[in-house]
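What follows is a single structure, written as structure tokens, with notes after it.
The sequence lines fix the lettering, A, B, ..., with proteins before strands; numbering per chain opens at 1. Keep in mind that what you see is a predicted model, and the values were worked out from it rather than measured.
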Amino acid sequence: MDVSHILDGLNDAQREAVAAPMQNLLVLAGAGSGKTRVLVHRIAWLMETENLSPSSIMAVTFTNKAAKEMRGRIEQLLDIPARSLWFGTFHGIAHRFLRAHSRDAKLPENFQILDSDDQLRIVKRIMREFNVDETRWPPKQVQSFINSKKDEGIRAAYLPPTHSQYDHTLAEIYKQYEAQCQQSGMVDFGELLLRSHELWLNNPALLAHYQDRFRYLLVDEFQDTNTIQYAWLRVLAGDRIPIMVVGDDDQSIYGWRGAKIENIQQFQFDFASPLVVKLEQNYRSTSTILKAANTLIANNGDRLGKDLWTNGNEGEPIDLYAAFNEQDEANYIADRISSWVDQGRQRSDSAILYRSNAQSRVLEEFLIRQAIPYRIYGGLRFYDRQEIRNAVAYLRLVFYRHDDAAFERVVNVPTRGVGNKTVSDLRVHAREQSISLWQACVERLQLGLIKGKAKQSLTQFIDLIDSLSAEQDQISLAQLTEQAITRSGLKDFHANEKGEKGQARLENLNELLTAARDFSVDNDDDDEELTPLAAFIAQAALDAGEQQADEHQDCVQMMTLHSAKGLEFPLVLMAGMEEGLFPHQMSMEDPSRLSEERRLCYVGVTRAMEKLIITYAESRRLYGQEKFNPVSRFVREIPADLMQEVRIKNSVSMPVSFAASQSSSFGEESAEFHLGQVVNHAKFGEGTVLNYEGQGSHARIQVNFFDHGSKWLVLSYAKLEAV
DNA sequence: CCCCTACTGATCCAC
DNA sequence: TCAGTAGGGG
């Protein structure tokens with residue numbers, strides 16, 4: 001068979017990785033170096049030269065989107081359906097294993113996946129049950145304690161002994177939480193991984209079966225793996241399945257959710273004699289942008305080391321704009337996008353990147369003012385919206401009525417007169433009898449322990465679920481969903497909600513119907529047969545859902561730096577480049593967290609293909625307070641000769657005091673200084689003039705020093721020099 | 001049960 | 001500053 005087409009158009013490094021023998025392989029793939037391409041071609045290569053069947057290849061990603069994209073590209077390249085490839089997220093694949101071996105994993109056949117909202121409810125309930133002080137142990141913190149322990153692979157029983165009452169309480173809640181989840185057959189995200197990890201460890205025969213079955217493993221974004229994911233891969237691969245991991249230590253930005261950058265360094269020691277290939281040729285950015293990125297990231301120690309290069313041209317210098325405040329910054333950004341469009345470019349080819357979501361408000365305001373359409377990425381996942389979760393909870397009950405989390409969620413949504421008292425009675429009853437809330441409810445109704453409105457409502461509720469589940473086999477998934485949201489009253493509930501909110505929620509429910517209609521179970525060959533309903537419910541838990549529909553309009557893209565990872569744009573504007581904001585206040589002290597901030601900046605810079613614009617505000621209103629933060633150290637780490645400072649102050653958004661004083665310069669005798677000017681101070685170094693007040697010998701001047709922040713100085717003593 | 005008010009707290013977020 | 005929420009009063 002002719003396989004040359006698989007190697008065509010690849011550079012030497014890419015080709016080395018794609019055509020490597022069946023062995024462990026670490027591919028260090030710089031930004032824009034064709035990483036996905038290598039993964040996809042590698043799979044094609046193995047299938048065609050090593051005769052690997054699709055079902056003997058497993059490829060693991062972090063997001064469903066990435067998995068979907070890879071699958072699509074494989075199909076395109078090989079021109080065959082790639083159904084039987086095991087492509088998916090860590091969680092999705094773990095879920096699949098657990099489903100297939102639920103008994104060995106000590107789970108009920110119908111075990112349910114808890115999303116983080118369900119999880120928080122359970123934690124709260126346990127804490128109330130045990131009278132834990134919610135101010136000392138905030139439920140959210142308890143939840144993240146549990147999650148981080150699971151991510152580290154530590155069960156409650158294996159927590160180190162402690163004398164601290166605080167830690168002890170955490171451990172107790174964790175223990176209770178584990179017990180209750182087990183009792184009601186519920187599994188959270190971390191548990192999916194932990195449980196399937198244990199499944200293999202406890203069942204060597206089963207593990208051996210899969211080690212025979214899979215001939216090659218591939219992992220994308222390896223720098224984002226956490227402890228349990230790494231352990232999971234190690235156990236699965238053992239010394240029998242060769243594995244290829246692709247990642248970039250310089251783009252590791254998820255340490256705060258458990259990712260261990262060390263994993264990529266550790267790989268070479270834990271997996272036998274891997275071949276290491278570096279992809280350093282960049283096909284995305286101008287050499288100016290790459291040089292900036294390389295110099296910036298060189299400030300981090302302990303890298304595996306990589307230098308991006310390109311055959312492309314130098315391109316334009318990076319623009320740096322020092323705005324007076326965040327309004328001026330937003331206005332400038334809107335201006336730049338306007339002129340980009342005036343040059344005949346697409347708005348959708350431009351992106352505004354920022355460190356924190358709170359920054360988007362002002363930016364939006366000024367984009368609206370200039371009538372520039374925009375689209376904000378990120379925010380709430382589709383399946384995380386209240387109304388969607390409620391609808392899915394009904395489906396969950398139809399599928400499996402003993403799903404306590406779903407039961408609790410919607411017994412009284414929309415409100416039907418089932419109060420707190422009734423529900424807590426149900427809980428006690430269920431607990432005492434070790435039965436589900438559903439059973440408890442049925443029993444109490446039969447025993448006549450529920451009276452009045454509650455009785456009527458609960459009877460109707462039970463009947464509704466019963467009749468829906470009786471119908472489920474005769475009608476389509478979409479019809480079932482439709483029935484569930486109308487007959488439960490959810491639809492009317494939101495229709496009657498006042499304001500735009502209800503409207504938006506109705507639209508989302510309709511969107512869910514569309515999703516149900518389009519949903520097809522792409523069941524793979526030997527997978528146990530999941531009903532469409534079960535598969536749909538699993539998807540709702542494990543998939544973020546598609547972003548909003550209005551993708552077609554030509555919009556400026558706005559997102560956080562984190563969500564920009566993996567994307568590219570001809571024009572990139574990085575806003576809010578100030579100390580305290582970026583690097584963020586909470587990450588400035590700890591060197592390892594600061595390094596992560598720098599990597600985040602590196603990610604931002606390397607998103608730009610043609611033009612990069614960096615802005616910062618000398619004064620910024622944050623949490624109701626005026627902050628004067630110096631320009632970000634990251635900006636100063638970019639070689640000055642790659643940047644040009646833009647110093648046209650447009651007065652549109654300037655506060656009155658600035659605008660009024662801007663025309664008249666001020667100073668001792670001669671008109672030496674003006675707002676925005678860079679000055680030098682013997683002790684504090686360079687800074688920009690922010691403001692001034694008073695006259696003659698009393699005149700004071702406010703300067704925002706690059707290294708010392710903003711200070712008020714008496715002009716006659718300060719001995720400032722213009723720079 | 002619902003609405004209003006007072007209070008809190010605040011990077012980044014996939015599964 | 002402001003959004004989201006807990007708790008009280010109607």
Side-chain angles (χ1 to χ4, degrees), chain A residues 60-67 88-96 113-120 124 134-135 138-141 144 147 150-151 187-194 220-221 224-226 228-229 252-259 326 353-362 377-384 386 412-422 453-454 457 497-498 501 538-545 559-566 576 580-588 590 593-594 596-597 599-601 603-604 620-627:
Chain A
V60 194
T61 60
F62 275 82
T63 65
N64 287 290
K65 200 172 145 218
T89 62
F90 278 101
H91 295 86
I93 291 174
H95 182 226
R96 191 165 164 181
I113 301 171
L114 287 178
D115 56 46
S116 43
D117 200 54
D118 294 332
Q119 193 187 26
L120 185 62
K124 279 186 180 162
E134 297 200 1
T135 51
K140 285 226 174 83
Q141 279 178 35
S144 72
N147 286 335
K150 288 200 180 189
D151 285 349
V187 165
D188 60 41
F189 292 133
E191 186 74 27
L192 285 169
L193 298 170
L194 192 47
D220 191 17
E221 305 280 16
D224 289 339
T225 51
N226 64 26
I228 188 70
Q229 286 159 341
S252 164
I253 55 175
Y254 287 113
W256 52 275
R257 63 176 199 210
E326 73 276 10
L353 309 183
Y354 37 81
R355 175 69 237 265
S356 66
N357 287 307
Q359 290 170 253
S360 72
R361 288 188 118 242
V362 199
Y377 273 81
L380 217 44
R381 296 171 22 164
F382 177 72
Y383 287 109
D384 274 350
Q386 292 290 328
N412 198 33
V413 176
T415 45
R416 47 170 74 89
V418 181
N420 247 333
K421 180 75 176 75
T422 313
K453 184 104 193 275
S457 304
E497 226 175 354
K498 51 185 190 260
K501 232 176 195 166
Q539 171 177 294
L542 291 174
D543 193 339
M559 68 197 82
T560 63
L561 286 152
H562 280 89
S563 37
K565 192 168 96 162
L581 194 60
F582 192 30
H584 197 277
Q585 196 73 45
M586 315 196 71
S587 305
M588 290 195 332
D590 178 3
R593 297 179 72 185
L594 180 65
E596 183 158 311
E597 295 280 309
R599 294 194 290 270
L600 186 57
C601 187
V603 166
R620 179 181 297 272
R621 215 174 167 74
L622 210 62
Y623 303 139
Q625 273 188 329
E626 201 84 13
K627 301 267 187 201

Working note: A:L600 + A:R355, criterion side chain to side chain contact (heavy atoms under 4.5 Å, CB included); need CA distance, chi angles, decisive distance, verdict. CA-CA 9 Å; A:L600 186 57; A:R355 175 69 237 265; 3.5 Å; yes
Over 12 foreign heavy atoms within 6.0 Å of NZ, A:K565: yes
Greater than 12 external heavy atoms within 6.0 Å of A:E626's CD: yes
Note: A:K124-A:E134 ion pair, threshold 4.0 Å (strictly below): no
Tell me whether A:E596 is salt-bridged to A:R593, with the criterion being a basic N under 4.0 Å from an acidic carboxylate O. no
Considering only nitrogen or oxygen atoms on both sides, find all protein atoms under 3.5 Å from nucleotides 9-15 of chain B and state each distance.
from   : atom 1 : to     : atom 2 : distance (Å)
B:dT11 : OP1    : A:Y623 : OH     : 3.0
B:dT11 : O4'    : A:H584 : NE2    : 3.1
B:dT11 : O2     : A:R355 : NH1    : 2.6
B:dT11 : O2     : A:R355 : NH2    : 2.3
B:dT11 : O4     : A:R593 : NH2    : 2.3
B:dC12 : OP1    : A:N357 : N      : 2.4
B:dC12 : OP1    : A:N357 : ND2    : 3.0
B:dC12 : O4'    : A:R355 : NH2    : 3.2
B:dC12 : O2     : A:W256 : NE1    : 3.2
B:dC12 : O2     : A:R355 : NH2    : 2.8
B:dC13 : OP1    : A:T560 : OG1    : 2.9
B:dC15 : OP1    : A:N64  : N      : 2.6
B:dC15 : OP1    : A:N64  : ND2    : 3.1
B:dC15 : OP2    : A:A544 : N      : 3.3
B:dC15 : O3'    : A:L542 : O      : 3.4
B:dC15 : O2     : A:H91  : NE2    : 3.2

What interatomic distance, in whole Å, is found between P of C:dT5 and the corresponding atom of B:dC12? 16 Å
Heavy-atom check, side chain of A:N412 versus side chain of A:T422, under 4.5 Å: no
Residues in ring-ring contact (aromatic ring centres under 6.0 Å, His included) with A:H562, at least two apart? A:Y254, A:W256
Grab the N/O contacts between the protein and nucleotides 3-9 of chain C below 3.5 Å, and write none if there aren't any.
from  : atom 1 : to     : atom 2 : distance (Å)
C:dA3 : OP1    : A:R361 : NH2    : 2.5

Quick one: label A:V362 by what it contacts on the DNA or RNA (base, sugar-phosphate, nothing), any heavy atom closer than 4.0 Å. nothing
Does the side chain of A:E326 come within less than 4.5 Å of A:Q359's, by heavy atoms? no
